[in-house]
Amino acid sequence: MTATLVKEASPPAVGTADHRRRARRRGRIVALVFVLPALLLLGALVVYPVVFSVGRSFFDASGSRFVGGDNYTEMFRDPATLKAVRNSAIWVVVAPTLLTGLGLVLAVLVEKIRWATAFKLLLFMPMAVSFLAAGIIFRLAYDEDPDKGVLNAAVVGVHDAFEGTSSYPTARARDGRGLTKGADGSYRTSASPGHTVGLGLVGVLPKDLPKDAKPAYAAAGQKAARDELRGVVYLDFTPGGGGKQGQVDRGESGLPEMKVEAARDGKTVASTTTAADGSFRFPGLDSGSYTVRLPASNFSPPYEGVSWLGPALVTPAIIGAYLWIWTGFAMVLIGAGLAALPRDALEAARMDGANEWQIFRRITVPLLAPVLTVVFVTLVINVMKVFDLVYIIAPGPVQEDATVLATQMWLVSFGGGNNQGLGSALGVLLLLLVVPAMVFNVRRFRRSQR
């Protein structure tokens, strides 16, 4: 008889399982205690305002009457809101694209210079400047007055170097003193060879005269040859008083560098520029009457530069200020991704004969695509919320031309509109536009962690 011994299974360790469950429960409670302050803060600063804004968007301006979706309907009927949506779309397309491109180019170039760290620090420094301070800086830089705005000072300097500028923008002729003003802004009179004519002007301050200006009295007394037409352009004003209007007195100065033309039958036959004493001469003229003309270019107002903050350029100007602040951010992030690239792939491409442009286009950019995407999406999220620069840089008259969704939301709610129902609807719209980009970024981050 064969005996089979059956060993009974030992009973489960009930005490050990309970101990593990209690430990897990205790761990969750401890974690909740540590997380609770952050959750309360998040709820107070994020969740509650979002829920309140969504609810408030369904009420009227006073908040006492439920209007349903009327605020959302009115939002898309308001021309100012539609302009804000258009400007926001321009920001979303232009600013992140330019920043990502600039950051990529600078990150690649910085790798090839010796002082890379100093260069990165220099480009990243604007990130330490608040948007308020940056807005004030660029509001001054974009000032239309060349004496205040550095950009217009540079533009005016370049323009005047190539085009020249009038020395006498305020000069004018006395009424009834022989000079008549044409429709084009020029001054003219009639004369014939063998005569000397005096062309007196006023409106020029003695302190504004060129330093090389000389008295015109001697030039006015010179005799002209039979085939020559002489004259003098002078300031018909005697410092300290005295003198006679329409005549060149001893104390009156000539106006140098003034362009003078002689015309006949509507055609310019000779032209010259006045000397330091204001004198000019046209030799070798045929007999007859000529029109002596001071062209309008002598009196044209000085070039004032570009209206950077006008309706046409205010949005690109503000985007330029944004680029100045955030280019360093994009460059540093992309540079970090560039430093992590496998160098063997780049060296293999060089050994195969690829030039630097081919390596950049076919290897560097594809390998950096995940980093570039994260930078681009992050900048899109940031651009959608831009407020400070637009509000500070854009002057009052063009505020509506530069407005974006964030500034329009503030203007409607608190900046004079006092309609917090419509402002809340704009806030909800802004939230709905930002959320997809945030979700995209979070998903990419989770995939990269795996």
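Below, each value reflects all heavy atoms present in this structure, side chains not excepted, and no hydrogens, waters or symmetry copies.
In this structure a side-chain-to-backbone donor-acceptor pair under 3.5 Å is missing from T407 to F387. Judged by distance alone, with hydrogens and angles left aside, the side-chain atoms of N87 form a donor-acceptor pair with the main-chain N or O of T403 at under 3.5 Å. Remark: side-chain polar atoms of S300 are not paired, donor with acceptor, to backbone N or O of A296 under 3.5 angstrom. A donor-acceptor contact shorter than 3.5 Å links the side chain of R56 to the backbone of D60. With hydrogens and angles disregarded, no donor-acceptor distance shorter than 3.5 Å links the side chain of S53 to the backbone of V50. Put simply, the side chain of T274 gets close to the backbone of E257: a donor and an acceptor are under 3.5 Å apart. No donor-acceptor pair closer than 3.5 Å links the side chain of S279 to the backbone N or O of A275. Remark: side-chain polar atoms of N152 are not paired, donor with acceptor, to backbone N or O of G305 under 3.5 angstrom. A donor-acceptor pair is defined here as one N or O able to donate and one able to accept, closer than 3.5 Å; such a pair exists between the side chain of T100 and the backbone of P96. A side-chain donor-acceptor contact under 3.5 Å links R139 to the backbone of I392.
Sorted by first and then second residue, the ring-ring contact (aromatic ring centres under 6.0 Å, His included) pairs involving residues 85-125 (not counting sequence neighbours) are W91-Y322. Applying the salt bridge (Lys or Arg N to Asp or Glu O under 4.0 Å) definition to pairs two or more places apart or across chains, those involving residues 292-311 are E261-R293.
The structure places CG of L209 at 6.5 Å from CG of L255, a figure rounded to the nearest 0.5 Å. Atom-to-atom distance recorded for L426:CG and W410:CH2 is 14.0 Å, nearest 0.5 angstrom. With values rounded to the nearest 0.5 angstrom, L109 atom CG is found 8.5 Å from F360 atom CZ. One finds the CE atom of M75 at 12.0 Å from the CG atom of N419 (value rounded to the nearest 0.5 Å). If you take CG on L205 and CG on L235, they are separated by 9.0 Å, rounding to the nearest 0.5 Å. Residue D236 holds its CG atom at 11.0 Å from CG of L199, rounded to the nearest 0.5 Å.
Side-chain contact check for L82 versus P79: every heavy-atom pair is 4.5 Å or farther apart. Between V260 and V292, some side-chain heavy-atom pair lies under the 4.5 Å cut-off. Side-chain contact between Y142 and I393: present, with at least one pair of heavy atoms (C-beta onward) separated by less than 4.5 Å. A heavy-atom distance below 4.5 Å is found between the side chains of V233 and L294. Residues V377 and F440 are in side-chain contact: their nearest non-hydrogen atoms beyond the backbone lie under 4.5 Å apart. Inter-residue side-chain proximity for L338 and V371 is flagged as unmet; no heavy-atom pair is nearer than 4.5 Å. For the pair Q420 and F414, the minimum side-chain heavy-atom distance is below 4.5 Å. No side-chain heavy atom of I325 sits under 4.5 Å from any side-chain heavy atom of V129.
Nearest heavy-atom pair across Q399 and V390 is OE1-O, 3.5 Å. In terms of heavy-atom proximity, A425 sits nearest to N71 at CB-CB, 4.0 Å. Minimum heavy-atom separation, A171 to L201: CB-CD1, 4.4 Å. M409 and G423 get closest at one heavy-atom pair: CG-O, 3.4 Å. In terms of heavy-atom proximity, S88 sits nearest to V404 at OG-CB, 3.6 Å. Of all heavy-atom pairs between V232 and A216, the closest is CG2-CB, 3.6 Å.
For the side chain to side chain contact (heavy atoms under 4.5 Å, CB included) with F329, the lone residue among N382, L379, I334, L99 that qualifies is L379.
The local environment of NZ in K83 is crowded, with over 12 non-hydrogen atoms from other residues, nucleotides or ligands closer than 6.0 Å. Residue R361 places its CZ atom among more than 12 non-hydrogen atoms of other residues, nucleotides or ligands, all under 6.0 Å distant. Atom CG of D265 has 12 or fewer neighbouring heavy atoms from other residues, nucleotides or ligands inside a 6.0 Å radius. No more than 12 heavy atoms of other residues, nucleotides or ligands shown are found within 6.0 angstrom of CE on M438. Atom CZ of F52 is surrounded by 12 or fewer heavy atoms from other residues, nucleotides or ligands within 6.0 Å. Other residues, nucleotides and ligands place more than 12 heavy atoms under 6.0 Å from the CZ atom of F282. The 12-atom threshold is exceeded at CZ of R264, counting heavy atoms of other residues, nucleotides or ligands nearer than 6.0 Å.
Between the side chains of S186 and R188, at least one donor N or O lies within less than 3.5 Å of an accepting N or O.
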What's the verdict on ring pair (Phe, Tyr, Trp, His ring centres under 6.0 Å) for Y187 and F299, showing C-alpha distance, side-chain angles and the deciding distance?
-> CA-CA 10 Å; Y187 288 98; F299 316 103; 5.3 Å; yes

Evaluation steps, side chain to side chain contact (heavy atoms under 4.5 Å, CB included), between F76 and T81 = CA-CA 7 Å; F76 289 104; T81 302; 5.7 Å; no

Would K148 and L140 satisfy side chain to side chain contact (heavy atoms under 4.5 Å, CB included), going step by step from the backbone distance to the final call?
-> CA-CA 7 Å; K148 297 179 182 178; L140 294 174; over 6 Å; no

List the steps and the verdict of side chain to side chain contact (heavy atoms under 4.5 Å, CB included) for L309 and E144.
-> CA-CA 8 Å; L309 299 182; E144 197 165 351; over 6 Å; no

Verify side chain to side chain contact (heavy atoms under 4.5 Å, CB included) between V105 and M331, making sure each step is shown before the conclusion.
-> CA-CA 8 Å; V105 172; M331 180 197 66; over 6 Å; no

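Not counting sequence neighbours, the partners of F58 by the ring pair (Phe, Tyr, Trp, His ring centres under 6.0 Å) test are Y72.
Here R77 does not pair with E74 in a salt bridge; the nearest charged N to carboxylate O distance is not below 4.0 Å. For the pair R343 and E111, the salt-bridge criterion is met [side-chain N within less than 4.0 Å of a carboxylate O].
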